[in-house]
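See below for the structure under consideration.
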Amino acid sequence: MKKFLAVLLGILLVFSLTAMAACKEDKDSGESGNMVGGNFTQEATEEEISEVLNTVQSAFESGSIVGEPVDGKWNFGLEMNADLDLTVAAEDTTESIALKSDYQFSYGLVEEGVGAGSRLVKGAGAAALTANGETISFDFYNDESYVYIDMSTVQTGMKLKISLDSLMSGGSYVPVPDDAAEVMAAESSGEVTGTIDVSEFMDMLDQLSIKVYVDTSDGLKVKVSATQESLEKIVALIVAEAGGSVSEEMLPSFETDTKIDFYLALTEDGELKQMGLDMDFGMTLPIADVNSSQVSYINMTADGTVSVKAYAGDVTLPSDLGSYMDVEDMGSAPGGLSAVAA
């Protein structure tokens, strides 16, 4: 079970490279100016990076990244916040989008004693999406089976729910395995199954101009920084490994002040404290017209930060979730969507 949630956390880590945020403060390399409060003044040595790789790998494979049970009960929570500004411009049209959101997630499992095997999954959040001056605000929730969206504050006044099975590829997603006890027992050894070649990893960082900073004064804090040069090298590497042949003018270009900083903080026991992303990103993407030799360009920018923190609080769900309409039933409702919204 803990392995399942560790994998889930890994997925969140990957997705955090593209979205979600905390607060927009100026970041520097000192103690007070970065997302996890680390001292990132010196680039990490090969020995420090090796220790980071081993620590993170062990935390995921042992499940310690999501904590340990207390008195036969195990609880894990996440708090996620978002504040993103996005723009997309093509020819004479510019679209601006701002996203602000916060979300708390709580998972509880009774491992032994009375109620062993019982679990409780809850999540609650709010979001505001502003597009070209118009804002839509809504609340959203989840339990073990559904995601619920409350849009009663907007014109439609709708309250909808959609199953997690539907969201995750038509029923292929199993949110929590039924054989939790067996899975936990099989994974209790927490043995690391493989290691990463540090020399190859260092060569990759150097090849892509990616810098790593490490602070071990209070648990483990890591900062990974990519720049315009890094992103252009990554694109070139992807094209080369795909065996493609793309002219230089058709490759995306990035603004000179582009930066993407990824942060990770673990406790001394390997439990997650926080991970996040701070980005100021600008890209020009060439688009070729298949019917002519003309090339047009799309300009995109993204400015914001990402924060996913450990959360020890409770999550309260509304009492009326049973009245939310399942989106799979909306097509069969008399009058369809318009009738539901009325």
Side-chain angles (χ1 to χ4, degrees), residues 12 15-27 35 78-106 122-143 146-164 166-167 255 257-260 274-285 298-309 311 313 315-321 323-327 330 333 335-342:
L12 284 172
F15 276 104
S16 75
L17 294 177
T18 56
M20 306 204 74
C23 55
K24 289 187 178 179
E25 53 179 320
D26 291 334
K27 310 285 190 300
M35 185 175 295
L78 291 174
E79 179 176 13
M80 295 170 275
N81 307 99
D83 185 357
L84 288 176
D85 291 318
L86 312 172
T87 64
V88 179
E91 297 181 348
D92 297 329
T93 303
T94 300
E95 299 289 337
S96 299
I97 300 173
L99 171 66
K100 296 180 183 294
S101 180
D102 63 83
Y103 172 71
Q104 291 82 40
F105 169 82
S106 175
K122 297 186 293 182
L129 181 65
T130 302
N132 296 321
E134 296 187 7
T135 300
I136 296 177
S137 300
F138 57 92
D139 297 326
F140 56 95
Y141 312 93
N142 74 273
D143 55 22
Y146 286 91
V147 172
Y148 305 85
I149 304 175
D150 179 1
M151 302 186 68
S152 59
T153 59
V154 299
Q155 185 175 0
T156 60
M158 300 173 67
K159 294 185 175 183
L160 307 173
K161 68 179 180 180
I162 181 170
S163 70
L164 290 173
S166 297
L167 286 175
E255 294 182 3
D257 58 351
T258 287
K259 69 164 186 174
I260 299 179
Q274 184 175 0
M275 63 183 179
L277 182 74
D278 172 26
M279 63 180 174
D280 189 352
F281 177 91
M283 179 178 72
T284 298
L285 181 65
I298 296 177
N299 298 306
M300 294 178 284
T301 67
D303 181 18
T305 53
V306 172
S307 180
V308 181
K309 299 180 181 180
Y311 178 69
V315 174
T316 301
L317 298 179
S319 59
D320 65 342
L321 292 181
S323 66
Y324 283 47
M325 171 162 268
D326 195 324
V327 295
M330 292 176 64
L337 179 62
S338 60
V340 175

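Values in this document were obtained by computation on a predicted structure and should not be read as measured data.
Evaluation of the ring-ring contact (aromatic ring centres under 6.0 Å, His included) rule for F138 yields no partner, not counting sequence neighbours. Every residue two or more places apart in sequence or in another chain was checked for a side chain to side chain donor-acceptor pair (under 3.5 Å) with Y311, and none qualifies. Residues satisfying the ring-ring contact (aromatic ring centres under 6.0 Å, His included) test with Y141, not counting sequence neighbours, are none. Qualifying salt bridge (Lys or Arg N to Asp or Glu O under 4.0 Å) partners for D320, counting only residues two or more places apart in sequence or in other chains: K159. Contacts of T135 classified as side chain to side chain donor-acceptor pair (under 3.5 Å), with partners at least two apart in sequence or in another chain: T130.
Here the closest non-hydrogen pair linking S137 and A128 is OG-CB, 3.7 Å. Scanning both residues, G304 and L84, for their nearest heavy atoms gives CA-CD2, 3.9 Å. Closest of all the heavy-atom pairs between D303 and M279 is OD1-O, 3.3 Å. Taking every heavy atom of both residues into account, L86 and A302 meet most closely at CD2-CB, 3.5 Å. Scanning all heavy atoms of the two residues, the minimum distance from L164 to D143 falls at CD1-O, 3.9 Å.
For the atom pair OG1 of T258 and CG of D280, the computed distance is 7.0 Å after rounding to the nearest 0.5 Å. Atom CE of M283 and atom CD1 of I298 lie 8.5 Å apart (nearest 0.5 Å). To the nearest 0.5 angstrom, M80 atom CE is 9.0 Å from S101 atom OG. One finds the CG atom of L129 at 11.0 Å from the CD atom of E134 (value rounded to the nearest 0.5 Å). Expressed to the nearest 0.5 Å, how far OG of S307 lies from CG of D278 amounts to 11.0 Å.
Side-chain contact between M35 and Q274: present, with at least one pair of heavy atoms (C-beta onward) separated by less than 4.5 Å. For the pair I136 and M151, the minimum side-chain heavy-atom distance is below 4.5 Å. Contact check for L285 versus M300: side-chain heavy atoms found under the 4.5 Å cut-off. You'll find the side chain of Q104 reaches within 4.5 Å of the side chain of D102, heavy atoms only. Side-chain contact between D150 and Y324 is present, with at least one heavy-atom pair separated by less than 4.5 Å.
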Item to complete: Determine, step by step, whether N142 and Y103 satisfy the side-chain contact (heavy atoms from CB on, under 4.5 Å) criterion, reporting the C-alpha distance in whole Å, the side-chain angles of both residues, the deciding distance to 0.1 Å, and the verdict.
Response: CA-CA 10 Å; N142 74 273; Y103 172 71; 2.5 Å; yes

Worksheet item: Please walk me through it: do D139 and Y148 pass side-chain hydrogen bond (donor to acceptor under 3.5 Å, both in side chains)?
Response: CA-CA 8 Å; D139 297 326; Y148 305 85; over 6 Å; no

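By the neighbour-count criterion of 12 heavy atoms within 6.0 Å, atom NZ of K100 is sparsely surrounded, having that number or fewer from other residues, nucleotides or ligands.
Of the possible donor and acceptor atoms, none in the side chain of K161 sits under 3.5 Å from a partner among the backbone N and O of Y146.
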Side-chain donor-acceptor contacts of residues 87-95 below 3.5 Å, not counting sequence neighbours, with atom names and distances?
from : atom 1 : to   : atom 2 : distance (Å)
T87  : OG1    : T301 : OG1    : 2.3
E95  : OE1    : N132 : ND2    : 2.5

